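One structure is given here, and the rest of the page talks about it.
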There are 2 protein chains.
Amino acid sequence: MSTRREQILAAAAELFARHGFHGVGIDEIGAAVGVSGPALYRHFRSKDAMLGEMLTSISESLLAGGQERRDTNEPAQVLGELIRFQVDFALDNPALITVQERNLGNLTEPDRRRVRALQRRYVEVWVQAIRETAPALDEPTARAAAHAVFGLINSTPHSRHLGRDGMATMLREMAVGALTRVCADGRPSGDLQTSSREFRIAGTSG
Amino acid sequence: MSTRREQILAAAAELFARHGFHGVGIDEIGAAVGVSGPALYRHFRSKDAMLGEMLTSISESLLAGGQERRDTNEPAQVLGELIRFQVDFALDNPALITVQERNLGNLTEPDRRRVRALQRRYVEVWVQAIRETAPALDEPTARAAAHAVFGLINSTPHSRHLGRDGMATMLREMAVGALTRVCADGRPSGDLQTSSREFRIAGTSG
DNA sequence: CGGCCGCGTTAGCGCTGGCTAACAGCAGGC
DNA sequence: GCCTGCTGTTAGCCAGCGCTAACGCGGCCG
């Protein structure tokens with residue numbers, strides 16, 4: 001509602017991403033939105049509450065977006081749409097992504113429980129989609145692969161060299177490539193060539 | 001040399017990884033190695049110095065390892081060996097990887113400069129290897145791809161479900177797949193099929 | 001044996017930082 | 001036209017934390 005809360009959360013996210021939760025003071029957050037110091041307590045009960053609300057709202061957005069992609073696409077398209085969704089989210093909200101990755105450990109215990117539950121459900125959407133595409137994959141592997149792809153996509157804040165769209169297509173491509181490769185796995189790991197390409201990456205066997 | 005310093009650094013890395021640099025007190029670090037509180041100042045000049053030494057030593061190890069792989073392998077094998085090296089390092093030193101990812105911003109300015117210089121050189125080794133494999137790739141893209149693969153490989157600490165070796169092979173596979181895909185890029189992004197596989201991930205075009 | 005030195009202890013200082021208290025301007029509603 | 005409530009201010013409390021000081025103890029060397 002009140003634009004003020006969101007404004008504060010956005011500024012706080014930026015700061016938390018750069019300096020870490022404990023590396024940012026109340027006064028700095030206030031200064032970032034033009035008010036100074038304890039004015040923030042008119043909008044949040046505590047600094048912990050800011051982080052809590054920030055992370056739960058991110059997690060809810062991701063889960064909602066994931067479920068929506070799952071429910072409004074043909075099964076064969078879901079994984080691709082999830083990739084696109086996550087890439088767009090990461091590119092458009094680098095600070096939020098960074099905070100979610102780094103500052104889970106700074107949450108209050110009940111908040112952490114809530115956030116982890118939401119994240120788990122989001123991962124489950126991915127796991128379903130992955131196994132829909134590659135039913136041979138066992139669930140733990142699919143889950144680990146999902147986490148790895150998150151790492152890939154969320155690496156965005158650390159490399160801003162390409163333009164937004166160039167970055168987006170590259171990340172989508174890489175995500176697809178990574179998932180394709182792991183989905184094709186299960187064979188004895190031996191000759192891993194890229195087949196039908198004019199180059200190959202050698203030496204990954206054993 | 002003195003095993004004590006390394007022991008302290010290891011404990012501190014674990015704690016920094018979990019709670020963030022500012023989220024950990026001197027007393028906790030001391031407690032983690034069995035001494036209490038300011039005894040650490042017999043070994044380090046400050047808490048900042050601990051983080052500084054930790055991160056520079058990680059960066060030096062990575063750079064040295066990367067250079068060694070580059071210099072002792074045929075060009076066609078270098079990229080694969082770099083992947084293997086990074087995967088092994090991440091799996092064997094999850095705390096260090098986490099700290100390096102998250103706590104660069106908490107370094108002293110001179111320390112940060114040193115670390116960033118080392119990291120840049122390490123990335124350059126990767127960029128060279130990538131472009132050796134796929135000369136058509138421009139340098140910024142190769143750099144961004146390298147960062148993305150780091151994100152993928154370093155996601156390790158967030159998913160411990162598979163065993164070490166299973167995780168290692170999966171991460172290598174995914175890294176290869178991601179790089180293969182991006183290296184093959186440059187064509188108009190349109191039909192992205194996985195070709196000659198029995199499945200495909202659809203919907204990533206545009 | 002005696003003095004030095006590496007490594008540890010506890011007490012305590014100074015500052016920072018989260019949070020509260022007390023007060024103020026400024027809407028809108030009766 | 002006052003009262004209420006929302007939003008902001010400044011002053012200040014109190015805990016925690018980085019770091020220093022002062023001291024103790026055991027081992028090595030002459």
Side-chain angles (χ1 to χ4, degrees), chain A residues 1-56 95 99 102-112 115, chain B residues 1-56 95 99 102-112 115:
Chain A
M1 306 244 173
S2 108
T3 232
R4 206 63 173 151
R5 287 177 69 86
E6 299 165 11
Q7 195 181 352
I8 293 171
L9 283 180
E14 213 78 42
L15 290 169
F16 290 166
R18 235 195 303 281
H19 308 289
F21 178 69
H22 291 295
V24 179
I26 285 289
D27 294 359
E28 306 175 50
I29 301 173
V33 296
V35 307
S36 231
L40 305 176
Y41 288 89
R42 302 293 163 191
H43 305 273
F44 296 92
R45 262 186 22 260
S46 68
K47 193 186 167 196
D48 289 321
M50 284 185 217
L51 185 65
E53 184 161 331
M54 191 183 303
L55 290 197
T56 43
V99 173
R102 297 187 186 175
N103 295 35
L104 236 170
N106 300 119
L107 280 174
T108 300
E109 222 258 71
D111 278 342
R112 177 164 50 243
V115 171
Chain B
M1 307 243 172
S2 108
T3 232
R4 205 63 172 151
R5 286 176 69 87
E6 300 165 9
Q7 194 181 352
I8 293 171
L9 283 179
E14 212 77 42
L15 290 168
F16 291 165
R18 237 197 300 280
H19 308 289
F21 179 69
H22 290 296
V24 178
I26 285 288
D27 294 359
E28 306 175 51
I29 302 173
V33 296
V35 307
S36 231
L40 305 176
Y41 289 89
R42 301 294 164 190
H43 305 274
F44 296 93
R45 263 187 20 261
S46 68
K47 193 186 166 195
D48 288 321
M50 284 184 218
L51 185 65
E53 184 161 330
M54 191 182 304
L55 290 198
T56 43
V99 173
R102 297 186 186 175
N103 294 46
L104 235 169
N106 299 120
L107 280 175
T108 302
E109 222 257 73
D111 278 341
R112 177 163 50 243
V115 170

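Because the structure is predicted, anything quoted here is derived from the model rather than measured. Residue numbers start from 1 in every chain, and the chains themselves are labelled A, B, ... in the order their sequence lines are given, proteins ahead of strands.
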Task: Distance in angstrom units between Leu51(A) CG and dG17(C) P, rounded - done: 18 Å
Task: Closest contact, heavy atoms only, Val33(B) versus Gln7(B) - done: CG1-O, 3.8 Å
Task: Closest non-hydrogen atom pair between Met54(A) and Leu9(A), with its separation - done: CE-O, 3.6 Å
Task: Pairs flagged by salt bridge (Lys or Arg N to Asp or Glu O under 4.0 Å) wherever residues 40-54 of chain A is involved - sequence neighbours left out - done: Arg5(A)-Glu53(A)
Side chains of residues 21-31 of chain B: which donor-acceptor partners sit under 3.5 Å, not counting sequence neighbours?
from: His22(B); atom 1: NE2; to: Asn106(B); atom 2: ND2; distance (Å): 3.4
from: Glu28(B); atom 1: OE2; to: Gly25(B); atom 2: N; distance (Å): 3.1

- [ ] Using whole Å, report how far CZ of Arg4(A) lies from C1' of dG8(D).
- [x] 9 Å
Task: Donor-acceptor contact present, side-chain Thr108(B) to main-chain Asp111(B), <3.5 Å - done: no
TODO: Figure out the CE/P separation between Met50(A) and dG17(C), and round it to whole Å.
DONE: 15 Å
Open item on the list: If I take atom CD in residue Gln7(A) and atom P in nucleotide dT7(D), what distance separates them, rounded to the nearest angstrom?
Closed with: 13 Å
Open item on the list: If the helix axis at each end comes from five base pairs, how far does the helix from dC1(C)-dG30(D) to dC30(C)-dG1(D) deviate from straight, to 10°?
Closed with: 0°
- [ ] Check every strand shown and say whether Val33(A) touches a base, only sugar-phosphate, or nothing at a heavy-atom separation below 4.0 Å.
- [x] nothing
Task: Heavy-atom side-chain proximity of Arg102(A) to Asn103(B) below 4.5 angstrom - done: no
- [ ] Sequence neighbours left out, what passes side chain to side chain contact (heavy atoms under 4.5 Å, CB included) with Thr56(B)? Give chain and number order.
- [x] Arg114(B), Val115(B)
Open item on the list: Counting C-beta onward and ignoring hydrogens, is there a side-chain heavy-atom pair between Ile8(A) and Val35(A) closer than 4.5 Å?
Closed with: no
Task: Between dC6(D) (P) and Leu40(A) (CG): distance, integer Å - done: 18 Å
- [ ] Rounded to the nearest angstrom, tell me the gap between atom CD1 in Ile29(A) and atom P in dG18(C).
- [x] 7 Å
Task: Distance in angstrom units between Glu28(B) CD and dG16(D) P, rounded - done: 12 Å
Open item on the list: At less than 4.0 Å, is any side-chain N or O atom of His22(B) found next to OP1 or OP2 of dG18(D)? Yes or no.
Closed with: no
Only distances under 3.5 Å count here; give the side-chain donor-acceptor pairs of residues 10-19 of chain B to other protein atoms, sequence neighbours excluded, each with its distance to 0.1 Å.
none

Task: Spacing of Phe21(A) atom CZ relative to dG18(C) atom P, expressed in whole Å - done: 8 Å
Task: Footprint string (nucleotides 19-26 of chain C, 5' to 3'): B base within contact, S backbone only, - free, heavy atoms under 4.0 Å - done: BB-BB---
